[in-house]
Amino acid sequence: MTDRSAEDDYPALYLYGVQRRFAEGDHALEILRGCDLAVWAGQSVALIAPSGTGKSTLLQIAGLLEKPDGGEVYVDKKATVNLPDDERTALRRNAIGFVYQSHHLLPEFSALENVMLPQLIRGLGKAEAADRAAGLLHYLGLGERLKHRPSELSGGEQQRVAIARSVANAPRVLLADEPTGNLDPHTSHHVFGILTRLVKETGLAAIVATHNLDLAAQMDRRVTIREGKVVELA
Ligand SMILES: Nc1ncnc2c1ncn2[C@@H]1O[C@H](COP(=O)(O)OP(=O)(O)OP(=O)(O)O)[C@@H](O)[C@H]1O
């Protein structure tokens with residue numbers, strides 16, 4: 001079912017029996033009913049499921065932004081659900097990168113500064129952060145755009161800066177929620193190609209929620225959520 005190398009005999013991200021329910025009036029809406037999903041380093045998984053089935057909820061839980069009502073989330077074998085809040089926050093900051101449909105770049109900062117920021121927050125020196133940010137932006141084809149502000153970049157360029165920012169702290173896991181939802185088909189294809197290459201070449205474990213089946217076909221695996229469980233697709 002899953003590709004993995006001999007050295008990497010455990011997943012970088014492992015959701016085990018994850019449950020999540022929300023109160024709806026006087027009863028509980030069981031959204032996730034025991035989701036299992038293992039993602040190995042260097043692997044990209046497309047999450048394709050109808051609206052309202054729990055894709056964003058699953059990504060929030062995988063990204064340690066929300067706690068499940070049951071089950072466990074392992075990041076590099078480390079169980080996370082019962083970690084103290086400060087340790088969960090540190091792990092999220094260091095080990096997990098997020099990309100959203102909207103780029104959420106800071107408008108008054110350049111592309112370079114936007115990618116430097118998470119590294120500075122983590123405590124890296126300015127010169128080192130700038131070096132890494134410039135390297136990443138070059139890698140993503142934005143070497144000529146370092147000084148541009150978001151408003152001076154195209155939609156596809158903005159989203160590539162957001163991708164660079166998401167991996168600035170060299171996370172183990174990348175989570176993306178409709179990352180090309182605001183882009184035209186040609187640009188989406190281009191940005192997806194860059195994203196999947198980055199995942200492979202830097203050994204990230206990635207889950208990308210998308211409604212676009214053509215883009216999902218570019219990824220290593222495809223899964224859906226059916227009756228509250230993760231189901232592997234062909
Ligand atoms: N905080 C919350 N409180 C109550 N209900 C919630 C909450 N978060 C999500 N839900 C409900 O859980 C269900 C799943 O939501 P979720 O956002 O995960 O779906 P999704 O599959 O990502 O949908 P879409 O593709 O439309 O973004 C929805 O019915 C939603 O209304």
Side-chain angles (χ1 to χ4, degrees), residues 13-39 43-75 80-83 85 88-89 92 95-105 155-156 158-159 162-163 165-166 171 173-185 187-189 191-192 195-196 199 204-234:
L13 174 69
Y14 182 27
L15 307 187
Y16 176 71
V18 164
Q19 298 174 21
R20 187 77 173 108
R21 62 188 76 90
F22 297 110
E24 194 187 54
D26 57 0
H27 72 288
L29 198 60
E30 307 260 354
I31 297 298
L32 304 177
R33 304 176 181 199
C35 287
D36 300 327
L37 178 61
V39 188
Q43 196 173 59
S44 53
V45 177
L47 175 57
I48 319 152
S51 196
T53 48
K55 295 184 298 295
S56 300
T57 303
L58 190 75
L59 290 179
Q60 296 276 101
I61 290 172
L64 315 185
L65 288 163
E66 268 187 48
K67 282 191 185 182
D69 297 308
E72 187 53 273
V73 178
Y74 298 90
V75 177
T80 63
V81 170
N82 291 318
L83 284 178
D85 283 351
R88 269 171 70 84
T89 303
R92 180 169 66 238
I96 298 170
F98 297 92
V99 183
Y100 299 97
Q101 182 163 350
S102 304
H103 56 71
H104 296 303
L105 297 171
Q158 289 169 351
Q159 207 51 335
I163 292 170
R165 180 189 51 187
S166 74
V173 173
L174 182 66
L175 302 171
D177 202 350
E178 291 287 348
T180 60
N182 286 338
L183 305 177
D184 64 68
T187 311
S188 294
H189 196 268
V191 170
F192 239 73
L195 189 65
T196 46
V199 167
L204 282 160
I207 305 177
V208 181
T210 180
H211 286 111
N212 188 317
L213 299 182
D214 289 338
L215 297 179
Q218 293 181 41
M219 313 208 79
D220 297 320
R221 288 163 57 198
R222 282 148 292 285
V223 300
T224 190
I225 299 172
R226 203 171 284 153
E227 293 174 1
K229 303 211 170 179
V230 172
V231 177
E232 203 85 21
L233 298 170

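Heavy atoms only: backbone and side chains are in, while hydrogens, waters and symmetry mates are out. Along the sequence shown, residues carry numbers from 1. For ligands, and for the atoms within them, numbers begin at 1 and follow the listed sequence.
Using a 30° and 60° split on the angle between ring planes, His104 and Tyr100 fall in the perpendicular class, above 60°.
A heavy-atom cutoff of 4.0 Å around ligand 1 is satisfied by the protein residues Phe22, Ile31, Pro50, Ser51, Gly52, Thr53, Gly54, Lys55, Ser56, Thr57, His211.
Arg222 meets the salt bridge (charged side-chain N to carboxylate O under 4.0 Å, His left out) test with no other residue; sequence neighbours excluded. Residues satisfying the salt bridge (charged side-chain N to carboxylate O under 4.0 Å, His left out) criterion with Arg226, sequence neighbours excluded, are absent altogether.
Residues Gln101 and Asn182 bring a donor and an acceptor atom of their side chains to less than 3.5 Å of each other.
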Show me the side-chain donor-acceptor pairs of residues 207-219 shorter than 3.5 Å, one per line, residues at least two apart or across chains.
| residue | atom | partner | partner atom | Å |
| --- | --- | --- | --- | --- |
| Thr210 | OG1 | Asn212 | N | 2.9 |
| His211 | ND1 | Glu178 | OE2 | 2.6 |
| Asn212 | OD1 | Asp214 | N | 3.0 |
| Asn212 | OD1 | Leu215 | N | 3.0 |
| Gln218 | NE2 | His189 | NE2 | 3.1 |

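For NZ of Lys229, the number of neighbouring non-hydrogen atoms (other residues, nucleotides, ligands) closer than 6.0 Å is 12 at most.
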